[in-house]
Amino acid sequence: MRFFFALSALGIVLLVSRPVSGLGSSCSAPLGNGTASPSDPYWMETIKHQGTSAFNPNPSTYQVFRNVKNFGAKGDGVTDDTAAINSAMTSSGRCGGNTCSSSTVTPAILYFPKGSYLVSSAINMYYYTQMIGDPKNPPTLLASSSFSGFAVIDADPYIPNGYGAQWYTNQDNFLRSVRNLIIDLRQIPASSSAIGLHWQVAQATSLINVFVEMSTAAGNSHQGLFMENGSGGFMEDVVFNGGKYGMQVGNQQFTIRNLTVNNANTAVFGIWNWGFTFQGVTINNCQVGFDLTTGGTAQSNQTVGSEAIIDAVVTDTPIFIRTSTASNGKLGGSLVLNNIKLNNVPIAVGVNGGATVLAGGTITITSWGQGNVFSGTSGTATFTQGNIVAANKPSSLLYTSGRIFGKSHPQYINYAVSQFISVKSQGATGDGHTDDTAAIQNVLNQYAGCKIFFFDAGTYYVTNTISIPAGTQIVGEAWSVILAGGSGFQNQNSPKVVAQAGIAGSTGVMEISDMIFSTVGPAPGAILLEWNVHEPSGQQGAAGLWDTHVRLGGAAGTNMQIAQCPSGTQNINCQAAFLGIHLTPGSSAYLQGTWVWTADHDLDANNSPQTSIFTGRGILSESAGPVWLIGTSSEHAALYQYNLANAQNHWIGFAETETPYYQPVPAAPAPFSSFSTYLDPTFTASNDMAWAMWVQNSQNIILFGAGFYSFFQNYAQSCTNTWNCQAQIFNIDSSSTITVYSLSTVGVTYQLSVSGIGVVNESSNPDGFQETLTAWSR
């Protein structure tokens with residue numbers, strides 16, 4: 001049953017009908033259903049691998065795709081495969097250890113065919129790595145009884161005798177993914193500390209379809225996942241069976257979708273956060289569902305600030321939520337519970353050793369909160385431990401069961417390798433220099449709707465708009481890069497689209513996964529992704545992005561690194577883009593784990609020095625929906641990170657932003673201009689820094705968890721101590737209907753504004769280093 005759960009969550013229920021508008025394809029037969037037989041190998045295992053790293057010192061010899069069996073792993077459950085797996089991880093001078101903080105030129109996929117891989121010590125992840133198992137037959141990493149190491153998979157190892165130092169800076173630990181793996185700790189003695197994953201990560205990271213099997217003995221010390229720091233991040237379809245803790249987690253922010261914990265002592269132990277969103281939780285036969293450390297009052301003793309949970313089913317568990325301290329509006333942590341079904345759960349919310357705050361039983365909690373609640377233009381908080389506003393949930397955003405819809409990362413497990421087409425095999429080079437515009441456009445025109453496009457690892461330089469027809473499915477390899485450059489993208493007064501997903505009014509499937517969109521500077525007129533396509537009727541989430549990002553500057557090949565764009569300078573050649581992603585009025589979109597990042601530091605320089613790189617805008621949505629923004633973030637754009645303009649029917653959870661570090665020098669919108677045609681916000685002398693979110697004339701918007709941060713003024717951080725790095729950060733106009741839950745801010749005087757007037761002052765909501773409000777509604 002466990003494999004059925006996991007695989008059904010991978011998007012395997014494939015689209016039988018594929019309505020396509022504006023296809024323009026010359027192929028004769030539509031793709032249709034997958035033709036692979038159950039006995040066929042997974043397509044990724046057998047497809048020709050000709051991916052390269054364009055800016056690696058030795059691109060012709062550097063190997064991106066690495067089948068661990070080709071490095072000597074046996075997968076027989078008996079042979080110790082640790083050395084072979086680590087050889088696959090480290091070979092060819094990859095970025096890891098304590099000598100390399102980050103790199104974009106050493107990407108790798110470690111592929112695990114079906115089997116059981118015995119390991120006796122940690123698999124330490126190098127930078128820019130995807131560990132992918134065969135989803136048709138998920139392989140097992142089997143920890144030996146004598147296992148020695150911090151965790152079976154370690155995303156940020158501690159340096160021995162390093163006094164707490166680690167390989168990477170946790171907030172900058174980007175570009176990691178683990179998929180389709182089972183981690184089995186049950187051979188390790190129950191009394192021994194054992195961890196499946198040490199997952200201390202930041203943005204552009206994901207766990208997908210991962211199981212951890214642990215001891216179920218009373219008093220055991222096993223943990224499925226340990227996360228003590230970071231700035232994440234997204235995970236989905238993760239299952240923890242047994243253990244002391246399913247997850248022990250601390251991170252600035254995280255989004256977790258489809259979490260299952262069975263037979264653990266504690267399903268989720270919360271160490272600290274500024275905000276976590278859980279969408280879809282199943283807990284069976286645990287002692288405590290969520291055990292939360294609360295009561296912190298400053299950065300020095302930060303505890304759990306905000307926990308927002310929606311669509312949970314908890315069964316045969318004595319306590320659903322337990323906090324370590326009682327709440328009085330400023331301590332005890334903010335909670336939001338929405339559509340929670342309890343079956344034989346006596347205590348819904350309680351305090352450790354103290355009172356029951358909300359009685360349980362066999363009940364459904366519709367919308368309940370703990371913390372400060374606001375409404376309208378009143379800045380007066382109402383401390384609440386009880387029912388809170390229940391947002392209107394448009395049916396287009398929901399499953400028929402009433403839960404928020406979600407769609408897992410497409411992996412195409414039923415498709416044969418013959419149903420894929422490689423863009424390199426069709427003439428694209430991916431070498432980062434050759435103009436691949438025509439080659440990419442030709443292959444899209446010829447095979448859209450008939451083949452799944454495989455963008456072999458590489459950097460594809462384009463000088464004109466790539467039109468992606470509706471009906472297209474694209475898969476990258478270790479985050480393949482579309483890199484736009486040339487004179488066509490250099491005029492902000494006449495912006496030009498890099499990748500156009502569908503044409504206006506088009507309907508059809510549009511799936512893009514494991515890709516990065518970027519520019520070569522200067523490109524102040526570049527719109528990285530214009531999203532026009534709408535999902536077909538009856539096919540929710542058929543048009544979307546998964547593990548796909550916009551990365552602007554700060555990487556090899558962009559001409560916007562520390563040499564060109566050192567912090568504190570205003571080089572016009574460091575203008576990276578006009579706009580990251582534009583969801584146009586007729587579109588629908590499912591964005592999961594998407595990160596729109598203007599680089600604040602150089603990923604390919606020693607010690608990651610800060611840079612000054614300029615982008616106009618982050619994500620603009622004019623869509624009437626449905627739109628799901630799940631685990632998304634947008635950072636360092638000059639005008640705004642999210643702009644919802646005439647938008648409708650959006651589910652957003654969790655949204656994370658950062659204001660540009662250089663502001664207010666220059667002040668927003670400089671070095672860009674404001675354009676009414678792009679529905680830009682206005683700025684004044686007293687409010688001259690980028691908006692995290694600007695909402696105008698938009699309806700039926702649900703923001704279920706957000707972290708809007710302003711850490712700097714002209715690269716100085718003292719303003720965080722006085723909460724005035726900027727005055728306002730989140731504005732809602734008087735005509736919009738939006739319900740806000742679990743909003744955390746840092747360095748901001750007014751957490752929320754209405755029609756440009758600050759309403760919710762941070763002084764009402766201290767909650768550790770950040771300030772958190774539990775709910776706001778019109």
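The figures that follow rest on heavy atoms only: side chains count, while hydrogens, waters and symmetry mates do not.
Aromatic ring centres of Phe420 and Phe454: separated by at least 6.0 Å.
Of the residues listed (Thr558, Thr104, Thr106), the one engaging Asp604 in a side-chain hydrogen bond (donor to acceptor under 3.5 Å, both in side chains) is Thr104, and it is the only one.
Taking the six-membered ring for Trp and thresholds of 30 and 60 degrees, His49 and Phe65 have nearly parallel ring planes, at less than 30 degrees apart. Below 30°, between 30° and 60°, or above 60°: for Tyr117 and Phe112 the angle between ring planes is above 60°, a perpendicular geometry. Ring geometry, His198 versus Phe150: the interplanar angle exceeds 60°, so the pair is classed perpendicular (tilted spans 30 to 60°).
A donor and an acceptor atom, one from each side chain of Asn263 and Thr216, are nowhere located under 3.5 Å apart. Of the N and O atoms on the side chains of Thr61 and Asn58, not one donor lies less than 3.5 Å from an acceptor on the other residue. Side chains of Ser91 and Gln63: no donor on one and acceptor on the other come within 3.5 Å. Between the side chains of Glu236 and Gln592, at least one donor-acceptor pair of N or O atoms lies under 3.5 Å. There is no side-chain donor-acceptor pair under 3.5 Å between Gln166 and Asn229. Inspection of the Ser221 and Ser193 side chains reveals no N or O donor paired with an N or O acceptor under 3.5 Å. Between Gln446 and Asn442, the side chains place no donor N or O within less than 3.5 Å of an acceptor N or O (distance only, hydrogens not considered). Judged by distance alone, the side chains of Gln187 and Ser144 never bring a donor and an acceptor atom under 3.5 Å apart. Checking Tyr412 against Glu511 by side-chain atom types alone, a donor-acceptor pair falls below 3.5 Å.
Both tests hold for Arg176 against Tyr168: distance to the six-membered ring centre under 6.0 Å, angle to the ring axis within 45°.
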task = Take Met235 and Met247 through the test side-chain contact (heavy atoms from CB on, under 4.5 Å) and record every step on the way to the result.
result = CA-CA 12 Å; Met235 66 180 75; Met247 308 169 69; 3.8 Å; yes

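Between Asp184 and Arg186 there is a salt bridge, since at least one side-chain N of the basic residue sits less than 4.0 Å from a carboxylate O of the acidic one.
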